[in-house]
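One structure is given here, and the rest of the page talks about it.
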Amino acid sequence: MDVLRLIAATAIAIVFCACLALRLGIWAGIPFFKRLSDRMETRKRNDEKRYSIRFDAERISIVNHRISHPRPINIKWSEIERLIVFKRDLFAVDLICLSIEFQDGRCLELDEDMDGWKPFIAAMPAYLIGCRKLDEWFSAVASPAFATNPTEIFRREAAME
């Protein structure tokens with residue numbers, strides 16, 4: 001029993017030291033840790049939202065805030081043919097994404113890091129009759145971790161029936 005405790009304590013100490021070394025930049029020269037550190041820094045910078053989602057009864061607007069004179073992408077609710085939610089594996093975390101498929105075959109991807117995501121996801125069932133609510137699909141997409149788990153939440157033909 002003491003051997004197991006010693007192994008567990010050693011493992012915890014190694015993880016702690018590795019995290020501390022990474023945080024202090026000691027391992028910044030090692031490629032793996034450099035990429036990990038860069039990704040963590042990028043994630044911090046991305047806290048300032050690059051894209052925003054706005055919507056009303058007629059349309060959805062997506063704005064790219066990284067360009068000086070952003071022109072929104074406008075999508076009419078009636079143009080949406082199918083919605084699929086899924087996850088992207090971003091190494092240390094997962095990102096919930098929404099694929100919007102249009103009647104003409106085009107596709108647009110939105111994600112939970114976009115400003116306005118939560119109100120947009122909550123409002124979708126009100127504008128797209130037959131669209132599943134967040135509490136009906138979230139656990140199927142979120143678990144298990146790091147799996148894509150694509151889940152269809154809306155299809156226009158199914159809504160028409």
Side-chain angles (χ1 to χ4, degrees), residues 19 22-25 27-161:
C19 291
L22 182 61
R23 192 77 175 136
L24 296 175
W27 287 349
I30 299 174
F32 170 79
F33 293 105
K34 173 102 175 86
R35 285 193 311 271
L36 180 59
S37 180
D38 290 347
R39 213 172 225 181
M40 290 167 61
E41 282 301 314
T42 300
R43 193 83 166 151
K44 276 193 253 179
R45 282 194 306 271
N46 287 345
D47 285 346
E48 187 176 306
K49 303 294 183 180
R50 292 180 288 174
Y51 294 91
S52 63
I53 306 167
R54 302 290 177 257
F55 59 92
D56 59 27
E58 294 180 25
R59 72 181 49 88
I60 305 162
S61 295
I62 313 300
V63 179
N64 180 350
H65 297 285
R66 295 187 329 180
I67 56 178
S68 56
H69 300 290
R71 290 180 34 201
I73 298 170
N74 293 309
I75 305 158
K76 292 182 180 177
W77 290 103
S78 61
E79 295 175 330
I80 297 173
E81 188 68 27
R82 185 174 179 215
L83 299 174
I84 299 173
V85 288
F86 62 96
K87 281 189 313 198
R88 287 201 180 281
D89 178 2
L90 300 182
F91 184 67
V93 295
D94 282 337
L95 180 71
I96 304 287
C97 301
L98 172 71
S99 173
I100 301 175
E101 296 178 11
F102 300 97
Q103 294 166 344
D104 63 5
R106 291 176 301 135
C107 192
L108 178 68
E109 186 177 306
L110 308 179
D111 65 62
E112 66 180 327
D113 280 349
M114 295 178 165
D115 186 44
W117 168 266
K118 287 181 182 179
F120 171 68
I121 292 296
M124 283 191 318
Y127 297 113
L128 295 170
I129 306 305
C131 181
R132 293 169 56 191
K133 295 179 181 178
L134 175 68
D135 60 354
E136 297 172 2
W137 58 259
F138 183 79
S139 60
V141 174
S143 297
F146 305 110
T148 308
N149 303 328
T151 304
E152 182 177 87
I153 61 169
F154 175 78
R155 182 185 289 267
R156 188 153 305 275
E157 307 93 54
M160 298 292 197
E161 295 173 0

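The closest side-chain heavy-atom distance from Ile121 to Ile96 is not below 4.5 Å. Using a 4.5 Å cut-off on side-chain heavy atoms (C-beta onward), Leu98 and Asp111 make no contact. In this structure, the side chains of Arg71 and Asn64 stay at 4.5 Å or more apart for every pair of heavy atoms. At a threshold of 4.5 Å between non-hydrogen side-chain atoms, the residues Glu101 and Ile84 count as touching. With contacts defined as side-chain heavy-atom distances shorter than 4.5 Å, the pair Ile153/Met124 qualifies. Contact check for Ile53 versus Tyr51: no side-chain heavy atoms found under the 4.5 Å cut-off.
With values rounded to the nearest 0.5 angstrom, Glu79 atom CD is found 9.5 Å from Arg156 atom CZ. We find the CD1-CD1 distance between Ile62 and Ile100 to be 6.0 Å, quoted to the nearest 0.5 Å. To the nearest 0.5 Å, atom CG of residue Leu90 and atom CG of residue Leu95 are 5.0 Å apart. To the nearest 0.5 Å, the span separating CZ on Arg155 from CD on Glu81 amounts to 7.5 Å. Distance CG/Leu128 to CD1/Ile60: 7.0 Å, rounded to 0.5 Å.
The two residues Lys87 and Val141 make their nearest non-hydrogen contact at CE-O, 3.1 Å. Considering all non-hydrogen atoms of both residues, Pro70 and Val63 come closest at CB-CG1, 3.6 Å. Of all the heavy atoms in Ala123 and Phe55, the pair that sits closest is CB-CE1, 3.4 Å. Of all non-hydrogen atoms in Trp117 and Cys97, the two that sit nearest each other are CH2-C, 4.1 Å. Across all non-hydrogen atoms, the minimal contact from Glu109 to Met114 is O-CE, 4.1 Å.
Glu58 meets the side chain to side chain donor-acceptor pair (under 3.5 Å) test with no other residue; sequence neighbours excluded. Arg59 pairs by the side chain to side chain donor-acceptor pair (under 3.5 Å) definition with nothing, not counting sequence neighbours. With sequence neighbours excluded, the residues satisfying side chain to side chain donor-acceptor pair (under 3.5 Å) with Ser61 are Asn74.
The residues Asp104 and Arg106 are annotated as salt-bridged, a charged nitrogen and a carboxylate oxygen being separated by less than 4.0 angstrom.
For the pair Asp94 (side chain) and Ala142 (backbone), a donor-acceptor distance under 3.5 Å is absent. Between the Gln103 side chain and the Ser78 main chain, a donor and an acceptor come within less than 3.5 Å of each other. Of the possible donor and acceptor atoms, none in the side chain of Trp137 sits under 3.5 Å from a partner among the backbone N and O of Glu152.
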Before you tell me yes or no, could you show the steps for Thr151 and Arg132 under side chain to side chain contact (heavy atoms under 4.5 Å, CB included), namely the whole-Å CA-CA distance, both residues' side-chain angles and the distance that decides it to 0.1 Å? CA-CA 10 Å; Thr151 304; Arg132 293 169 56 191; 3.6 Å; yes

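Using cut-offs of 30° and 60° on the angle between ring planes, the pair Phe120 and Trp77 is parallel.
Atom CZ of Phe138 has 12 or fewer neighbouring heavy atoms from other residues, nucleotides or ligands inside a 6.0 Å radius.
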